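The structure under discussion appears below in the form of structure tokens.
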Amino acid sequence: MPEWSTEGARQMGETDAQTSPVRTAAARVADMDAGAVVQVAGWVHRVRELGQVSFVVLRDRSGFVQIVYEGAAPVTSETVVRIQGLTAANEKAPGGMEVRAQETEVLGPAALDAPIPVAADPDGIGIETLLDHRILSLRMPKIRAMFQLQSEIVRLFAEYLRAQDFTEVKTSKLIGSGTEGGTGLFEVDYFGERVFLAQSPQFYKQAMVASGLERVFEIGAAYRAEKHDTPRHLNEYVSLDVEMGFIDGIDDLMDLELGILQHIFAGVKDGVAATALEQYGASVPDADALSRTPRIDYEEAKAIASERTGKRLFDLNPEAERVLCDWAEAEHGIEAVFVTGFPRKKRPFYTWPDGRQTASFDLLFRGLEITTGGKRIHDYDMLVGELPKFGMKPEDLGDYLSIFRYGCPPHGGFAIGLERLTQKILGLENVKAASLFPRDRKRVRP
RNA sequence: GGGGGCGUGGUGGAGAUGGUUACCACGCCGGCCUGUCAAGCCGGAGGUCGCGGGUUCAAAUCCCGUCGCUCCCGCCA
């Protein structure tokens with residue numbers, strides 16, 4: 001692990017200038033001249049006492065710096081301190097520069113009975129233990145790096161879409177009726193009335209297309225009250241949602257998604273996200289490879305998966321998702337594949353029908369479904385006509401139908417699971433690791 | 001919801017044909033040490049072996065139940 005990388009320094013000195021004129025980022029000390037008075041502040045990452053001299057590794061958001069004390073160190077692990085001292089060049093110091101402490105102020109003492117070692121490698125600790133002690137495990141540099149990368153994903157996603165004239169929206173997560181799918185909704189007591197947590201911003205983002213914005217995206221929580229308990233499910237996850245008006249078909253949507261992913265993948269190769277990739281030994285596909293992502297029909301996908309697994313598949317199960325990505329890697333040099341034309345039974349009622357199939361798609365990436373999308377029905381009469389096939393009545397849909405009753409363009413969209421994308425970029429075994437405070441079947445804390 | 005595996009000090013593991021003070025590493029406490037960087041050396045504290053019941057002279061070990069974790073499937077992003 002590159003503890004002494006200066007990558008993370010960024011402009012910490014600059015931004016702190018207004019509030020704390022003298023504080024220097026840990027990672028920037030290496031760039032200073034020797035003999036300068038310097039003030040650093042952060043968490044005590046490690047203490048090494050050698051008798052007449054002690055070394056303390058101080059950690060802040062930029063990185064690390066070594067502090068030298070004469071005699072014993074007056075600090076303990078994870079204590080938050082502010083230290084003033086003199087920079088000193090030393091070949092034996094990490095980064096060639098260290099700080100000889102003159103004054104040490106304890107800003108936030110830390111108890112000594114930490115249940116997990118913050119300075120250790122999180123890979124040596126079980127996921128459940130890391131999540132039980134999330135407040136501390138989030139301090140582990142490797143884990144923190146993961147969430148810095150996730151932040152970059154979100155930023156790049158929004159940045160790309162804004163450049164394409166999309167508007168970011170925030171819609172309510174409290175909904176009056178659960179129409180999509182019908183199951184998997186959490187109930188909430190809303191002043192005595194029964195409402196639900198939204199399982200997706202689907203209806204609202206369609207409404208926003210029809211509002212005249214035409215192109216919208218939303219970054220928000222989605223809730224699924226499914227009792228699944230697997231390494232790829234969360235009951236609350238962050239959905240990167242996109243909806244676009246005036247499309248001709250789903251190729252427009254898949255093109256858009258590839259553009260987004262190309263922008264994200266290119267963007268995470270620099271800055272703080274690159275540090276995370278390095279620490280996890282991970283890499284992302286380049287733009288050329290991504291543009292070769294095959295688009296195959298559902299039936300074709302089943303045939304390929306059946307052939308490669310040697311089993312007769314009636315469905316794209318998790319194993320099929322894995323072998324399809326292997327196939328794409330072998331045949332097209334990219335571990336991603338769009339599967340299109342899902343059967344009507346497998347898609348919600350609002351999906352544009354195409355014979356027995358639908359104008360819809362999934363994106364599988366590194367063996368996991370990270371996106372579902374499709375063209376939506378924008379024609380009022382057509383939508384109403386579809387409802388009986390799903391055992392629904394117009395009254396069930398409340399205000400949803402008025403989106404189409406008063407004029408809505410052809411449109412469609414998709415959603416990318418943020419934690420799943422993070423998981424697959426870094427090669428994490430469990431999607432829960434990619435959530436700051438995951439909610440699963442049994443966990444609602446911390 | 002279905003099936004498999006596993007629960008041992010704070011963390012990660014060993015111990016499993018039953019046998020008496022349950023082992024190791026890291027962490028923690030005390031001591032030594034002036035260049036560490038996973039510091040080193042010496043000493044110490046910390047576990048009713050998930051929980052309950054059973055078999056037995058004797059259970060971490062075998063049996064039953066239960067709870068938890070984990071993997072796979074169903075379902076999904």
Side-chain angles (χ1 to χ4, degrees), chain A residues 1 3-4 45-57 64-73 76-78 88 90-96 98 100 111-133 136-137 140 180-181 183-184 199-202 220-242 314-322 342 346-348 362-365 368-373 414-424 429-432 434-435 440-443:
Chain A
M1 178 161 72
E3 270 195 8
W4 300 100
H45 191 65
R46 231 182 259 281
V47 179
R48 286 187 274 264
E49 293 189 313
L50 281 72
Q52 297 299 304
V53 66
S54 296
F55 301 98
V56 166
V57 177
F64 303 87
V65 66
Q66 174 162 288
I67 314 296
V68 186
Y69 287 94
E70 288 179 21
T76 56
S77 288
E78 294 309 308
N90 192 316
E91 285 183 3
K92 291 169 186 163
E98 62 194 10
R100 310 243 158 153
L112 292 165
D113 58 351
I116 57 168
V118 170
D121 182 349
D123 293 348
I125 301 176
I127 179 76
E128 207 59 21
T129 304
L130 292 173
L131 296 179
D132 280 344
H133 307 290
L136 283 177
S137 68
M140 299 171 98
E180 183 173 0
T183 60
Q199 63 178 182
S200 113
Q202 186 57 38
Y223 299 88
R224 302 284 163 97
E226 302 284 351
K227 290 184 177 177
H228 41 42
D229 192 8
T230 79
R232 61 185 184 282
H233 285 103
L234 291 164
N235 290 298
E236 178 186 49
Y237 69 95
V238 176
S239 184
L240 304 176
D241 263 278
V242 180
F314 300 97
D315 215 338
L316 292 184
N317 58 28
E319 186 187 9
E321 294 180 355
R322 289 191 287 271
F342 281 79
K346 294 196 172 292
R347 289 286 141 138
D362 275 2
L363 176 62
L364 311 180
F365 177 53
L368 184 67
E369 175 188 335
I370 62 165
T371 287
T372 286
F414 53 88
I416 304 171
L418 175 62
E419 293 87 350
R420 283 190 174 185
L421 181 58
T422 308
Q423 177 193 2
K424 285 296 146 184
E429 288 184 1
N430 195 318
V431 73
K432 294 176 195 174
S435 175
D440 62 34
R441 177 91 158 81
K442 288 151 194 154
R443 179 181 297 283

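Treat the numbers as computed from the prediction; the structure is a model and nothing was measured.
- As rounded to whole Å, 13 Å separates atom P of B/G27 from atom CD of A/Glu49.
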Produce the list of close N/O pairs, under 3.5 Å, pairing protein atoms with atoms of nucleotides 49-51 of chain B; give distances to one decimal.
none

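- Among pairs with a residue in residues 118-130 of chain A, those fulfilling salt bridge (Lys or Arg N to Asp or Glu O under 4.0 Å) read A/Asp123-A/Lys142, A/Glu128-A/Arg443, at least two apart in sequence or across chains.
- Checked by distance alone, A/Gln66 brings a side-chain donor or acceptor within 3.5 Å of a matching partner on the base of B/U36.
- In terms of polar N and O atoms assigned as donor or acceptor, the side chain of A/Arg420 comes within less than 3.5 Å of the base of B/C76 in a complementary pairing.
- Within the nucleic acid shown, A/Thr230 comes within 4.0 Å of at least one base atom, counting heavy atoms only.
- Contact annotation for A/Glu98: base contact, defined as any heavy-atom pair under 4.0 Å involving a base atom.
- A/Ala222 comes within contact range of no nucleotide atom at all, as no heavy-atom separation falls under 4.0 Å.
- At least one side-chain nitrogen or oxygen of A/Thr129 sits closer than 4.0 Å to the OP1 or OP2 atom of B/G12.
- The distance between atom CG of A/Asp123 and atom C1' of B/A38, rounded to the nearest whole Å, is 15 Å.
- Taking 3.5 Å as the limit, the base of B/G1 and the side chain of A/Arg441 contain no donor-acceptor pair of atoms between them.
- In this structure, of B/C28, B/G35, B/C75, it is B/C28 that holds the atom nearest to the side chain of A/Ser77.
- Where stacking is scored as ring centres under 5.5 Å apart with planes under 30°, A/Phe55 does not register as stacked on the base of B/G35.
- OP1 or OP2 of B/C73 lies within a sub-4.0 Å distance of a side-chain N or O belonging to A/Arg322.
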